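Working notes, beginning with the structure itself.
Hydrogens, waters and symmetry mates are skipped; everything else that's a heavy atom, side chains included, is used. This one's a predicted model, so the numbers in the text were calculated from it and none came from an experiment.
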Amino acid sequence: MLDQVFVTGRRLPGCRAGDAIPPVTVGDMTEIPEQIEAMPEEEAGRQLEELYEEIERANRAYFVDDDPFLVDAEYDRKKRLLRRIEEQFPALKRQASPTDQVGAAPAERFRKARHSQPMLSLDNAFDEEDVFEFDARVRRFLAMTGDEALDYVAEPKIDGLSISLCFQDGRMVRATTRGDGTTGEDVTRNVQSISEIPSRLDHAPAFIEIRGEIYMSHADFHELNQRQAETGRPARSYMNPRNAAAGSLRQLDPEITRSRKLRFFAHGLGEVSERIGDTQLEISEHIARMGLPVGPLAELCDGPPALLACFERLQDARSTLPFDIDGVVFKVNDISLQNRLGNSSTAPRWAISAKFSAEKAWTTLQTIEIQIGRTGALSPVARLAPVTVGGVVVSNATLHNEDYIAGLGSDGLPIRGGRDLRPGDRVQVYRAGDVIPKISDVDISKRKVGSTPYRFPSACPACGSEARRDKGDAARRCVGDFVCAAQRVEKLKHLVSRKAFNIEGLGGRRIEEFHEEGLVSDPADIFRLREKVGDGERRLADRHGWGERSATRLFDEIDASRVISLDRFIFGLGIRHVGEVVAERLAAYYGSWEAFERMLENAEDRAGDAWGELNAIEGIGATIADSLVSTVQDERTRRIINDLAAELDIQETKAPQQVASRISGLSIVFTGTLEGMTRAEAKARAEAQGARVSGSVSARTDLVVAGPGSGSKSRKAQELGVRVVDEAEWAGLLEAGNPE
Ligand code: IVH
């Protein structure tokens, strides 16, 4: 852990050459986001699926079983990659993504306790630019110029276990773990055994919820592991102090917890009956006066350069500290500004954490393989001589697309110093933030004499059709569509996958088999499989790997999936840019397959109402709308979809339950200048009260909030008879839904 740096790109000021820390090249910093931008959608989809599964497993192992299999840096990398891919491909994002959740559901053995205010996570800054961007974002939200003073506090991020401690008249009445952020475990009795937490606070208000971290010092951790080893029983030894702290806190017997020497430090507040400070630092001082330990080494900083300097100091101090820190947390100091900034669904907008990380290794690029995805993209993959990177053996790396191999980023600017990649090259592999490793450098001096640049295929290696690259598309795509066996198989696999038709017993391999035998070519063939294999010589039950029971079960599964919800059906079609979330939105909006189909037909007229309405749905922009409409414009595709629909019973979508507030469920458009709050704040507050915010006015708009300077949108609203309110009325509506 000590040889990790926080930068993935430009070096931070104090990170000197010759340190144990490997110097990091300038290329990387711009490279990571670019690579994701340039990633073909299929690749993104594949990576997302893998990440979802792995993060869920890791969450359970870490939060519920206290038995993690991933080191923290690795977990963070995966989550960070997941977030970046989701941001880049919103259409592919799952509704219940781990990026929207913090932690995992609580373990079963402790009583559950609900947090009165959610316990959130922190967003991460991975390089210097992210820190500057954080400051800029805060200022934009608050409508502050760059010249206005804005103070931050930088504190070490202690690698422990989040805890909420509630005190009534100074006495601790409840201690709750974070759990999934909404509900945690009641560990009051165990926390009462921690000597650093006094049983009674001095100078405490009537009610105060203090949030902080339970952790274990290095010395206590080593002593505990030694003791565990000496007991003779097959006692577990913990992987790191953090897990030792988590495991020790959740002992059913509080006496065991007591023997484990847990420690605590406070880093903030939850619910309070009265204000105890106007700034983060004042709050820390007050908490310390009450008798609780507060985060050590906190510093007041007047902007990003000071924050980065503090980061550097803490990084230097890291190895000398008696406990683990895994980064630095930067917080807006002024509490009234913190309150205005509020939270996103997962993290406060007024804080960010900067973590320490990055790992690399050199190996040989053996070959470049091309895979064909569901929407025809040709995805190049590097096969590497196996090498260990950050404790994990790596033998593949993503190569994204032809520009990437040629040494160009998605903006056409050089990456890796503009050097191309060729089979046989010595390449540097890195896994910072990513599950699928990437290539960060190539050593030209080791390149074999006479090697030639890699030629990206201009024909699909699977079907020979032209592989065309459209303007603005990073990927070269096979135009074969359903003619291309590789694409067809991927589309079929997608159709039966868990999030779509979820046909158990019909996985990727089976689809490949059936396809190869000519039993399943089009989606509807899946639902005709029973007739196709019949009782004759193609009988499924007689085949290798099948029996009477598994064959019957498969047919039953297929029959059961004929009744399908509209969103799963739309998602299952595998249309480019139409992921799970988009499919849900479309299904919620149109309600029935008939209405959706009608829209698709009418939306072909890009000047008509149906097109306008489709584009006005929250989260649906021109790219998605265009992809939908042009896909079904293709006659063969339309026939395939209709054939499939004829085999199914597509269920109508029920209206979702709504949050109680004056604006809940409304579709709102903001236009003109708002004076009391920025657009970002207005949008966040509307969404927090259950409204949807859209960019354009249509007949489906319920409310237009118009500030000075609003022009065409207010006019259009008036024409359509949509209610238009000014900012004062808007503020009134917000208040009404916000009784406190
Ligand atoms: S401030 C999210 N300050 O890190 C609410 N958190 O990754 C604001 N953590 O759940 C938290 N040291 O438990 C804050 N100095 C510090 C921290 C800190 C550790 C933990 C905290 C939070 C987690 C987010």
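- Checking side-chain atoms of Arg476 against main-chain N and O of Arg468 turns up no donor-acceptor pair under 3.5 Å.
- Remark: side-chain polar atoms of Lys438 are not paired, donor with acceptor, to backbone N or O of Tyr430 under 3.5 angstrom.
- Counting non-hydrogen atoms of other residues, nucleotides and ligands closer than 6.0 Å to CD of Glu504 gives a total of 12 or fewer.
- Between the side chain of Arg46 and the main chain of Gly373, no donor-acceptor pair closer than 3.5 Å is present.
- To the nearest 0.5 Å, the span separating CD1 on Ile503 from CZ on Arg562 amounts to 9.0 Å.
- Not counting sequence neighbours, the partners of Glu490 by the salt bridge (charged side-chain N to carboxylate O under 4.0 Å, His left out) test are Lys493.
- Taking 4.5 Å as the limit, every side-chain heavy atom of Glu647 sits out of range of all side-chain heavy atoms of Ile558.
- Using a 4.5 Å heavy-atom threshold, the side chains of Asp522 and Leu492 count as separate.
- Every residue two or more places apart in sequence or in another chain that forms a ring-ring contact (aromatic ring centres under 6.0 Å, His included) with Phe527 is listed here: Phe501.
- Minimum interatomic distance between Ala462 and Ala486 (heavy atoms only, all atoms of both residues): CB-CB, 3.5 Å.
- Shortest non-hydrogen contact noted between Asp180 and Thr182 is OD1-N, 2.9 Å.
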For the pair Ile624 and Val578, evaluate side-chain contact (heavy atoms from CB on, under 4.5 Å) and give the outcome as yes or no after the intermediate values. CA-CA 7 Å; Ile624 296 172; Val578 181; 4.2 Å; yes
Are Phe514 and Leu540 close enough, and set up right, to give a side-chain contact (heavy atoms from CB on, under 4.5 Å), and what steps lead you there? CA-CA 10 Å; Phe514 289 149; Leu540 210 52; 3.6 Å; yes
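- Under the 4.5 Å side-chain criterion, counting only non-hydrogen atoms from C-beta, Ser395 is not in contact with Arg383.
- Side-chain atoms of Thr363 come within 3.5 Å of backbone N or O of Ala385 as a donor-acceptor pair.
- Screening Lys79, Glu86, Lys78 for a side-chain contact (heavy atoms from CB on, under 4.5 Å) involving Leu51 leaves a single residue, Lys78.
- Thr631 places a side-chain N or O within donor-acceptor distance of the main-chain N or O of Ser627, the cut-off being under 3.5 Å.
- For the atom pair CD (Glu87) and CD1 (Ile85), the distance works out to 10.5 Å, reported to the nearest 0.5 Å.
- Remark: side-chain polar atoms of Asp425 are not paired, donor with acceptor, to backbone N or O of Leu421 under 3.5 angstrom.
- Under a 3.5 Å cut-off, the side chain of Asp470 and the backbone N or O of Asp473 do not form any donor-acceptor pair.
- Looking only at side-chain heavy atoms (C-beta outward), Arg83 and Asp123 come within less than 4.5 Å of each other.
- One finds the CD atom of Gln487 at 9.0 Å from the CZ atom of Arg477 (value rounded to the nearest 0.5 Å).
- Counting heavy atoms from C-beta outward, Ile617 and Ser694 have side chains that stay 4.5 Å or more apart.
- Smallest separation of non-hydrogen atoms from Tyr404 and Ile439: OH-O, 2.9 Å.
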Can you list the steps and then say if Phe555 with Val533 is a side-chain contact (heavy atoms from CB on, under 4.5 Å)? CA-CA 11 Å; Phe555 292 134; Val533 294; 3.5 Å; yes
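- Heavy atoms only, all atoms of each residue included: Ala382 and Leu365 are closest at CB-CD1, 3.4 Å.
- Closest heavy-atom contact between His515 and Ala485: CE1-CB, 3.8 Å.
- Taking NZ of Lys499 as the start and CG of Asp567 as the end, the distance is 10.5 Å to the nearest 0.5 Å.
- Within the cation-pi definition used here (under 6.0 Å to the ring centroid, within 45° of the axis), Arg426 does not qualify as a partner of Trp362.
- Salt bridge present: Asp525 and Arg528 bring a charged side-chain N and a carboxylate O closer than 4.0 Å.
- Residue-environment remark: CG (Asp559) exceeds the threshold of 12 foreign heavy atoms within 6.0 Å.
- The existence of a salt bridge linking Arg636 and Asp481 is excluded, since no basic side-chain nitrogen approaches an acidic carboxylate oxygen closer than 4.0 Å.
- At least one donor-acceptor pair under 3.5 Å links the side chain of Thr398 to the backbone N or O of His400.
- Rounding to the nearest 0.5 Å places CG of Leu48 at 13.0 Å from CD of Glu53.
- Aromatic rings of His494 and Phe571 (six-membered ring for Trp) have centroids within the 6.0 Å cut-off, being under it.
- The structure places CD of Glu584 at 11.0 Å from NZ of Lys93, a figure rounded to the nearest 0.5 Å.
- In this structure, Leu644 and Phe569 have side chains that are in contact, with non-hydrogen atoms separated by less than 4.5 Å.
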Test side-chain hydrogen bond (donor to acceptor under 3.5 Å, both in side chains) on Glu613 and Ser698 and set out the steps. CA-CA 6 Å; Glu613 197 174 326; Ser698 77; over 6 Å; no
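- Contact check on Arg639 versus Asp634 returns no salt bridge, with no Lys/Arg side-chain nitrogen under 4.0 Å from an Asp/Glu carboxylate oxygen.
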Yes or no on side-chain contact (heavy atoms from CB on, under 4.5 Å) for Asn502 and Glu557, after CA distance, side-chain angles and deciding distance? CA-CA 9 Å; Asn502 190 23; Glu557 273 283 335; over 6 Å; no
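- Using a 4.0 Å cut-off between a side-chain N of Lys or Arg and a carboxylate O of Asp or Glu, Glu604 and Arg638 qualify as a salt bridge.
- Taking both residues in full, the closest heavy atoms of Ala625 and Leu614 are given as CB-CD2, 3.6 Å, listed atom of the first, atom of the second, then distance.
- Side-chain N/O atoms of Ser451 and Arg422 include a donor and acceptor closer than 3.5 Å.
- Between Pro523 and Ile640, the closest side-chain pair of non-hydrogen atoms falls below 4.5 Å.
- With hydrogens and angles disregarded, a donor-acceptor distance shorter than 3.5 Å links the side chain of Thr653 to the backbone of Ala587.
- For residues 590-602, no pair satisfies side-chain hydrogen bond (donor to acceptor under 3.5 Å, both in side chains), with sequence neighbours left out.
- Within the 4.5 Å cutoff, side-chain heavy atoms of Arg606 are placed close to those of Val629.
- A donor and an acceptor atom, one from each side chain of Ser565 and Gln651, are nowhere located under 3.5 Å apart.
- With hydrogens and angles disregarded, no donor-acceptor distance shorter than 3.5 Å links the side chain of Asn124 to the backbone of Phe126.
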